[in-house]
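Read through the structure below, which is laid out as C-alpha coordinates, and then see the notes.
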Protein chains: 2
Amino acid sequence: MSNQPPVGYLLKQAQSLLRLRMDEALKPLQLTVSQYSCLHLLRREPGISAAALARGTFMTRQSMNSMLQLLLDRGLVDRPDHAESGRALPTELTSAGRDSLDAAEARVDEVEHRMLSALSRSENDALARALTRCVIALGT
Amino acid sequence: MSNQPPVGYLLKQAQSLLRLRMDEALKPLQLTVSQYSCLHLLRREPGISAAALARGTFMTRQSMNSMLQLLLDRGLVDRPDHAESGRALPTELTSAGRDSLDAAEARVDEVEHRMLSALSRSENDALARALTRCVIALGT
DNA sequence: GATTGTATGTCAGGATACTGACATGAGCAA
DNA sequence: TTGCTCATGTCAGTATCCTGACATACAATC
(Lines give C-alpha, C1' and ligand atoms only; values in the text may rest on other atoms or scores of the structure.)
Protein backbone atom coordinates (compact mmCIF):
# COMPACT_ATOMS: atom_id res chain seq x y z
CA MET A 1 0.00 0.00 0.00
CA SER A 2 1.33 3.34 -1.10
CA ASN A 3 0.45 6.00 1.46
CA GLN A 4 -1.48 8.33 -0.82
CA PRO A 5 -0.91 12.06 -0.19
CA PRO A 6 -3.97 13.79 1.27
CA VAL A 7 -6.66 15.05 -1.10
CA GLY A 8 -6.02 18.65 -0.09
CA TYR A 9 -2.44 18.38 -1.25
CA LEU A 10 -3.41 16.67 -4.50
CA LEU A 11 -5.99 19.36 -5.10
CA LYS A 12 -3.39 22.05 -4.71
CA GLN A 13 -0.93 20.21 -6.90
CA ALA A 14 -3.44 19.59 -9.67
CA GLN A 15 -4.71 23.16 -9.58
CA SER A 16 -1.18 24.61 -9.57
CA LEU A 17 -0.09 22.51 -12.49
CA LEU A 18 -3.26 23.15 -14.46
CA ARG A 19 -2.89 26.87 -13.94
CA LEU A 20 0.75 26.71 -14.99
CA ARG A 21 -0.07 24.84 -18.19
CA MET A 22 -2.94 27.17 -18.97
CA ASP A 23 -0.77 30.23 -18.43
CA GLU A 24 1.82 28.75 -20.76
CA ALA A 25 -0.85 28.11 -23.36
CA LEU A 26 -2.26 31.63 -23.04
CA LYS A 27 1.05 33.46 -22.96
CA PRO A 28 1.24 33.95 -26.76
CA LEU A 29 -2.14 35.68 -26.56
CA GLN A 30 -0.97 37.97 -23.74
CA LEU A 31 -3.71 36.63 -21.48
CA THR A 32 -3.58 35.25 -17.96
CA VAL A 33 -5.88 32.53 -16.67
CA SER A 34 -7.77 35.10 -14.59
CA GLN A 35 -8.33 37.29 -17.63
CA TYR A 36 -9.47 34.29 -19.62
CA SER A 37 -11.94 33.34 -16.89
CA CYS A 38 -13.25 36.88 -16.95
CA LEU A 39 -13.76 36.94 -20.72
CA HIS A 40 -15.34 33.49 -20.61
CA LEU A 41 -17.90 34.53 -18.03
CA LEU A 42 -18.59 37.76 -19.92
CA ARG A 43 -19.55 35.77 -22.99
CA ARG A 44 -21.91 33.61 -21.00
CA GLU A 45 -23.48 36.54 -19.16
CA PRO A 46 -23.19 39.72 -21.20
CA GLY A 47 -23.90 42.92 -19.27
CA ILE A 48 -22.84 41.41 -15.95
CA SER A 49 -21.49 43.71 -13.21
CA ALA A 50 -17.87 43.66 -12.06
CA ALA A 51 -18.90 42.44 -8.62
CA ALA A 52 -20.82 39.51 -10.07
CA LEU A 53 -17.89 38.82 -12.38
CA ALA A 54 -15.62 38.73 -9.36
CA ARG A 55 -17.82 36.24 -7.53
CA GLY A 56 -17.89 33.98 -10.57
CA THR A 57 -14.12 33.94 -10.84
CA PHE A 58 -13.33 33.76 -7.10
CA MET A 59 -11.74 37.16 -6.81
CA THR A 60 -12.56 40.38 -5.00
CA ARG A 61 -14.46 43.09 -6.84
CA GLN A 62 -11.48 45.40 -6.36
CA SER A 63 -9.18 43.04 -8.22
CA MET A 64 -11.79 42.49 -10.89
CA ASN A 65 -12.22 46.21 -11.46
CA SER A 66 -8.50 46.75 -11.94
CA MET A 67 -8.37 43.78 -14.29
CA LEU A 68 -11.34 45.15 -16.23
CA GLN A 69 -9.49 48.43 -16.58
CA LEU A 70 -6.64 46.60 -18.30
CA LEU A 71 -9.03 44.74 -20.59
CA LEU A 72 -10.80 48.02 -21.36
CA ASP A 73 -7.50 49.66 -22.31
CA ARG A 74 -6.75 46.75 -24.61
CA GLY A 75 -10.17 47.01 -26.19
CA LEU A 76 -11.30 43.53 -25.26
CA VAL A 77 -14.28 44.61 -23.18
CA ASP A 78 -16.52 47.64 -23.04
CA ARG A 79 -18.68 49.28 -20.41
CA PRO A 80 -20.43 52.60 -19.98
CA ASP A 81 -18.94 55.41 -17.92
CA HIS A 82 -22.04 55.79 -15.79
CA ALA A 83 -24.81 53.41 -14.91
CA GLU A 84 -28.25 54.05 -16.31
CA SER A 85 -29.77 52.70 -13.13
CA GLY A 86 -28.11 51.77 -9.89
CA ARG A 87 -24.35 51.65 -9.53
CA ALA A 88 -23.55 48.46 -11.42
CA LEU A 89 -21.74 49.06 -14.73
CA PRO A 90 -22.82 46.39 -17.23
CA THR A 91 -19.74 45.08 -19.02
CA GLU A 92 -19.66 43.33 -22.38
CA LEU A 93 -17.17 41.72 -24.73
CA THR A 94 -16.07 43.69 -27.76
CA SER A 95 -15.60 42.06 -31.12
CA ALA A 96 -11.86 41.89 -30.46
CA GLY A 97 -12.61 40.39 -27.07
CA ARG A 98 -14.66 37.64 -28.65
CA ASP A 99 -11.86 36.89 -31.08
CA SER A 100 -9.28 36.71 -28.29
CA LEU A 101 -11.57 34.50 -26.26
CA ASP A 102 -12.11 32.12 -29.16
CA ALA A 103 -8.38 31.75 -29.71
CA ALA A 104 -7.78 31.34 -25.99
CA GLU A 105 -10.53 28.81 -25.56
CA ALA A 106 -9.06 26.54 -28.20
CA ARG A 107 -5.73 26.52 -26.38
CA VAL A 108 -7.24 26.10 -22.92
CA ASP A 109 -9.51 23.30 -24.10
CA GLU A 110 -6.48 21.49 -25.44
CA VAL A 111 -4.83 21.65 -22.02
CA GLU A 112 -7.94 20.53 -20.18
CA HIS A 113 -8.46 17.71 -22.65
CA ARG A 114 -4.89 16.59 -22.12
CA MET A 115 -5.47 16.51 -18.38
CA LEU A 116 -8.67 14.52 -18.68
CA SER A 117 -7.39 12.14 -21.32
CA ALA A 118 -6.11 10.00 -18.48
CA LEU A 119 -9.66 9.43 -17.25
CA SER A 120 -12.56 7.48 -18.70
CA ARG A 121 -15.88 9.18 -19.27
CA SER A 122 -17.32 7.74 -16.08
CA GLU A 123 -14.22 8.64 -14.09
CA ASN A 124 -14.45 12.17 -15.44
CA ASP A 125 -18.08 12.40 -14.33
CA ALA A 126 -17.24 10.95 -10.94
CA LEU A 127 -14.45 13.50 -10.52
CA ALA A 128 -16.81 16.36 -11.34
CA ARG A 129 -19.42 15.05 -8.90
CA ALA A 130 -16.86 14.57 -6.14
CA LEU A 131 -15.47 18.09 -6.55
CA THR A 132 -18.97 19.53 -6.56
CA ARG A 133 -19.76 17.77 -3.31
CA CYS A 134 -16.51 19.02 -1.78
CA VAL A 135 -17.48 22.57 -2.66
CA ILE A 136 -20.91 22.13 -1.12
CA ALA A 137 -19.44 20.59 2.02
CA LEU A 138 -17.14 23.57 2.49
CA GLY A 139 -20.12 25.89 2.45
CA THR A 140 -20.88 29.00 0.46
CA MET B 1 -29.43 16.67 -17.67
CA SER B 2 -27.70 19.44 -15.83
CA ASN B 3 -24.79 20.72 -17.90
CA GLN B 4 -22.01 20.19 -15.41
CA PRO B 5 -19.35 22.95 -15.30
CA PRO B 6 -16.00 21.79 -16.68
CA VAL B 7 -13.59 19.99 -14.38
CA GLY B 8 -11.04 22.80 -14.67
CA TYR B 9 -13.54 25.26 -13.25
CA LEU B 10 -14.58 22.90 -10.47
CA LEU B 11 -10.96 22.33 -9.62
CA LYS B 12 -10.38 26.05 -9.30
CA GLN B 13 -13.52 26.51 -7.25
CA ALA B 14 -12.73 23.66 -4.88
CA GLN B 15 -9.14 24.78 -4.42
CA SER B 16 -10.14 28.41 -3.89
CA LEU B 17 -12.72 27.51 -1.29
CA LEU B 18 -10.45 25.04 0.48
CA ARG B 19 -7.70 27.61 0.67
CA LEU B 20 -10.13 30.19 2.00
CA ARG B 21 -11.38 27.87 4.73
CA MET B 22 -7.88 26.82 5.65
CA ASP B 23 -6.74 30.43 5.86
CA GLU B 24 -9.68 31.19 8.12
CA ALA B 25 -8.79 28.23 10.32
CA LEU B 26 -5.12 29.24 10.50
CA LYS B 27 -5.68 32.95 11.04
CA PRO B 28 -5.74 32.70 14.87
CA LEU B 29 -2.30 31.09 14.67
CA GLN B 30 -0.95 33.86 12.43
CA LEU B 31 -0.15 31.33 9.71
CA THR B 32 -1.01 31.25 6.02
CA VAL B 33 -1.65 28.09 4.07
CA SER B 34 1.71 28.49 2.32
CA GLN B 35 3.52 28.79 5.62
CA TYR B 36 1.67 25.76 6.95
CA SER B 37 2.66 23.75 3.87
CA CYS B 38 6.24 24.78 4.42
CA LEU B 39 6.28 23.73 8.09
CA HIS B 40 4.54 20.48 7.22
CA LEU B 41 7.14 19.54 4.63
CA LEU B 42 9.93 20.55 7.00
CA ARG B 43 8.69 18.07 9.56
CA ARG B 44 8.60 15.30 7.01
CA GLU B 45 12.03 16.13 5.59
CA PRO B 46 14.20 17.86 8.17
CA GLY B 47 17.30 19.55 6.77
CA ILE B 48 15.75 20.10 3.35
CA SER B 49 16.97 23.00 1.19
CA ALA B 50 14.82 26.02 0.39
CA ALA B 51 14.77 25.12 -3.28
CA ALA B 52 13.51 21.62 -2.56
CA LEU B 53 11.00 23.09 -0.14
CA ALA B 54 9.79 25.38 -2.90
CA ARG B 55 9.31 22.52 -5.33
CA GLY B 56 7.32 20.58 -2.75
CA THR B 57 4.98 23.48 -2.14
CA PHE B 58 4.67 24.65 -5.75
CA MET B 59 6.40 27.98 -5.30
CA THR B 60 9.60 29.55 -6.59
CA ARG B 61 12.75 29.31 -4.51
CA GLN B 62 12.78 33.11 -4.30
CA SER B 63 9.36 33.20 -2.67
CA MET B 64 10.28 30.35 -0.39
CA ASN B 65 13.42 32.09 0.79
CA SER B 66 11.56 35.26 1.70
CA MET B 67 8.94 33.18 3.50
CA LEU B 68 11.66 31.30 5.36
CA GLN B 69 13.12 34.62 6.45
CA LEU B 70 9.77 35.47 8.07
CA LEU B 71 9.58 32.09 9.77
CA LEU B 72 13.18 32.49 10.94
CA ASP B 73 12.37 35.88 12.47
CA ARG B 74 9.43 34.32 14.27
CA GLY B 75 11.59 31.50 15.56
CA LEU B 76 9.59 28.72 13.92
CA VAL B 77 12.45 27.40 11.80
CA ASP B 78 16.21 27.45 11.98
CA ARG B 79 19.05 27.20 9.50
CA PRO B 80 22.78 27.84 9.48
CA ASP B 81 24.24 31.05 8.08
CA HIS B 82 26.62 29.22 5.75
CA ALA B 83 26.51 25.80 4.22
CA GLU B 84 28.99 23.19 5.39
CA SER B 85 29.12 21.79 1.89
CA GLY B 86 27.63 23.12 -1.31
CA ARG B 87 25.28 26.07 -1.32
CA ALA B 88 22.11 24.49 0.07
CA LEU B 89 21.23 25.67 3.59
CA PRO B 90 19.56 22.81 5.48
CA THR B 91 16.48 24.11 7.30
CA GLU B 92 14.77 22.55 10.28
CA LEU B 93 11.80 23.13 12.54
CA THR B 94 12.42 24.62 15.96
CA SER B 95 10.57 23.41 19.01
CA ALA B 96 8.22 26.38 18.68
CA GLY B 97 7.76 25.53 15.01
CA ARG B 98 6.71 22.01 15.89
CA ASP B 99 4.21 23.33 18.40
CA SER B 100 2.73 25.76 15.88
CA LEU B 101 2.54 23.02 13.30
CA ASP B 102 0.75 20.67 15.66
CA ALA B 103 -1.86 23.29 16.47
CA ALA B 104 -2.22 24.21 12.82
CA GLU B 105 -2.52 20.62 11.70
CA ALA B 106 -5.44 19.98 13.99
CA ARG B 107 -7.32 22.93 12.52
CA VAL B 108 -6.44 22.09 8.93
CA ASP B 109 -7.37 18.46 9.38
CA GLU B 110 -10.76 19.53 10.63
CA VAL B 111 -11.36 21.54 7.46
CA GLU B 112 -10.19 18.77 5.18
CA HIS B 113 -12.31 16.27 7.07
CA ARG B 114 -15.33 18.52 6.66
CA MET B 115 -14.69 18.69 2.93
CA LEU B 116 -14.34 14.94 2.57
CA SER B 117 -17.23 14.08 4.85
CA ALA B 118 -19.47 14.35 1.80
CA LEU B 119 -17.65 11.42 0.19
CA SER B 120 -17.55 7.74 1.00
CA ARG B 121 -14.25 6.01 1.57
CA SER B 122 -14.22 4.59 -1.93
CA GLU B 123 -15.21 7.93 -3.46
CA ASN B 124 -12.40 9.57 -1.53
CA ASP B 125 -9.91 7.05 -2.90
CA ALA B 126 -11.27 7.48 -6.41
CA LEU B 127 -10.91 11.25 -6.13
CA ALA B 128 -7.30 10.91 -5.02
CA ARG B 129 -6.53 8.53 -7.86
CA ALA B 130 -8.22 10.75 -10.43
CA LEU B 131 -6.33 13.84 -9.28
CA THR B 132 -3.06 11.94 -9.32
CA ARG B 133 -3.69 10.86 -12.89
CA CYS B 134 -4.54 14.43 -13.87
CA VAL B 135 -1.22 15.60 -12.45
CA ILE B 136 0.66 12.91 -14.35
CA ALA B 137 -1.18 13.71 -17.57
CA LEU B 138 -0.18 17.37 -17.30
CA GLY B 139 3.46 16.36 -17.09
CA THR B 140 6.18 17.23 -14.65
C1' DG C 1 -40.93 60.89 3.61
C1' DA C 2 -37.08 59.20 6.64
C1' DT C 3 -34.16 55.47 8.05
C1' DT C 4 -31.83 51.35 7.56
C1' DG C 5 -29.67 47.67 5.02
C1' DT C 6 -27.46 45.84 1.05
C1' DA C 7 -24.81 46.00 -3.17
C1' DT C 8 -21.70 48.39 -6.13
C1' DG C 9 -17.68 51.05 -7.60
C1' DT C 10 -13.51 53.27 -6.18
C1' DC C 11 -9.25 54.80 -3.70
C1' DA C 12 -5.24 53.81 -0.88
C1' DG C 13 -2.03 50.79 1.02
C1' DG C 14 0.15 46.45 1.79
C1' DA C 15 1.20 41.44 1.27
C1' DT C 16 2.58 37.79 -1.52
C1' DA C 17 4.47 35.54 -5.31
C1' DC C 18 6.55 36.09 -9.68
C1' DT C 19 10.45 36.98 -13.41
C1' DG C 20 15.07 38.21 -14.51
C1' DA C 21 19.69 38.45 -13.25
C1' DC C 22 23.96 37.32 -10.89
C1' DA C 23 27.51 34.88 -8.00
C1' DT C 24 28.82 30.64 -5.83
C1' DG C 25 29.79 25.77 -5.19
C1' DA C 26 29.54 20.89 -6.61
C1' DG C 27 29.86 17.30 -10.17
C1' DC C 28 31.39 15.69 -14.56
C1' DA C 29 34.07 15.26 -18.74
C1' DA C 30 37.80 16.40 -21.77
C1' DT D 1 43.78 21.15 -14.24
C1' DT D 2 40.35 23.31 -17.07
C1' DG D 3 35.96 24.10 -18.72
C1' DC D 4 31.10 23.10 -18.76
C1' DT D 5 26.72 22.24 -16.65
C1' DC D 6 23.58 22.41 -13.06
C1' DA D 7 21.56 23.60 -8.58
C1' DT D 8 21.29 26.90 -4.95
C1' DG D 9 20.90 31.33 -2.68
C1' DT D 10 20.23 36.15 -3.27
C1' DC D 11 19.08 40.89 -5.04
C1' DA D 12 16.07 43.99 -7.58
C1' DG D 13 11.96 45.05 -9.74
C1' DT D 14 7.23 43.95 -11.03
C1' DA D 15 2.59 42.04 -11.09
C1' DT D 16 -1.30 40.42 -8.99
C1' DC D 17 -4.39 40.16 -5.52
C1' DC D 18 -5.76 41.29 -1.04
C1' DT D 19 -7.87 44.19 3.10
C1' DG D 20 -9.82 48.39 4.79
C1' DA D 21 -12.28 52.40 3.99
C1' DC D 22 -15.56 55.51 1.79
C1' DA D 23 -19.37 57.35 -1.17
C1' DT D 24 -23.33 56.24 -3.86
C1' DA D 25 -27.72 54.09 -5.41
C1' DC D 26 -31.46 51.07 -4.88
C1' DA D 27 -34.77 48.37 -1.83
C1' DA D 28 -37.19 47.62 2.35
C1' DT D 29 -39.19 49.02 6.49
C1' DC D 30 -41.36 52.02 9.52
Side-chain angles (χ1 to χ4, degrees), chain A residues 12-13 15-17 19-24 26-28 30-39 41 45 47-74 77-92 140, chain B residues 12 15-17 19-24 26-27 30-39 41-42 45 47-74 77-91 140:
Chain A
K12 181 176 178 182
Q13 184 176 21
Q15 159 68 12
S16 295
L17 196 50
R19 190 181 185 93
L20 185 66
R21 294 286 176 261
M22 287 175 62
D23 271 323
E24 288 170 0
L26 292 176
K27 192 163 188 180
Q30 302 270 48
L31 284 177
T32 65
V33 172
S34 296
Q35 291 167 342
Y36 168 76
S37 302
C38 175
L39 297 178
L41 186 48
E45 301 193 28
I48 195 178
S49 72
L53 215 38
R55 285 189 293 269
T57 55
F58 317 109
M59 306 171 47
T60 61
R61 62 186 191 280
Q62 294 92 329
S63 300
M64 179 54 68
N65 268 311
S66 66
M67 176 184 300
L68 280 179
Q69 192 54 53
L70 286 178
L71 296 175
L72 271 168
D73 295 343
R74 290 171 57 183
V77 306
D78 193 24
R79 68 171 178 178
D81 289 340
H82 339 272
E84 294 193 352
S85 124
R87 296 208 72 200
L89 301 175
T91 307
E92 290 181 356
T140 53
Chain B
K12 180 177 177 181
Q15 160 69 11
S16 295
L17 195 50
R19 189 180 186 96
L20 186 66
R21 293 288 176 259
M22 285 174 64
D23 271 324
E24 288 170 359
L26 293 176
K27 191 162 189 179
Q30 303 270 49
L31 284 177
T32 66
V33 172
S34 296
Q35 292 167 342
Y36 168 75
S37 302
C38 175
L39 297 179
L41 186 48
L42 275 173
E45 300 193 28
I48 195 179
S49 72
L53 216 37
R55 284 189 295 269
T57 55
F58 317 109
M59 305 171 47
T60 61
R61 63 186 191 280
Q62 293 93 329
S63 300
M64 179 53 70
N65 268 312
S66 66
M67 177 184 300
L68 280 180
Q69 192 54 55
L70 286 178
L71 296 175
L72 270 169
D73 294 343
R74 290 170 58 182
V77 306
D78 193 24
R79 69 171 177 176
D81 288 342
H82 337 274
E84 293 193 353
S85 126
R87 297 208 72 201
L89 300 176
T91 306
T140 53

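Keep in mind the model is a prediction, meaning the values are calculated, not measured. Letters A, B, ... are given to chains in the order of the sequence lines, protein chains preceding strands, and every chain is numbered from 1.
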- Message: Quick check for you: to the nearest 0.5 Å, what is the distance between Arg79(B) atom CZ and Asn65(B) atom CG?
- Response: 5.0 Å
- Message: What's the closest nucleotide to the side chain of Met67(A) if the choices are dC17(D), dG9(D), dG9(C)?
- Response: dC17(D)
- Message: Testing the 3.5 Å rule here: is there a donor-acceptor pair between the side chains of Arg19(A) and Thr32(A)?
- Response: no
- Message: Given the structure, check if the side chain of Arg55(A) and the base of dA7(C) hold any donor-acceptor pair shorter than 3.5 Å.
- Response: no
- Query: With a non-hydrogen cut-off below 4.0 angstrom, is Ala83(B) in contact with a base, only sugar-phosphate, or nothing?
  - Reply: nothing
- So, are Glu24(B) and Arg21(B) salt-bridged, with charged N and O less than 4.0 Å apart? yes
- By nearest-heavy-atom nucleotide on DNA chain D, the more 5' of Arg61(A) and Arg19(A) is Arg19(A)
- Item | Thr60(A) side-chain N/O to dC18(D) phosphate OP1/OP2 under 4.0 Å | yes
- Message: Could you measure the distance from the CE atom of Met67(B) to the CG atom of Leu72(B)? Nearest 0.5 Å is fine.
- Response: 12.5 Å
- Message: Less than 4.0 angstrom between a side-chain N/O of Ser66(B) and OP1 or OP2 of dA17(C), yes or no?
- Response: no
- Task: Side chain of Met59(B) only, please: which of dT16(C), dG9(C), dC18(C) is the nearest?
- Result: dC18(C)
- With respect to the phosphate group of dC18(D), does any side-chain polar atom (N or O) of Ser63(A) fall under 4.0 Å of OP1 or OP2? yes
- Which comes earlier along DNA chain D counting from the 5' end, the contact point of Ser49(B) or that of Lys27(B), where each point is its nearest nucleotide? Ser49(B)
- Task: Check if the side chain of Gln62(A) and the base of dG13(C) share a donor-acceptor pair of N or O atoms closer than 3.5 Å.
- Result: no
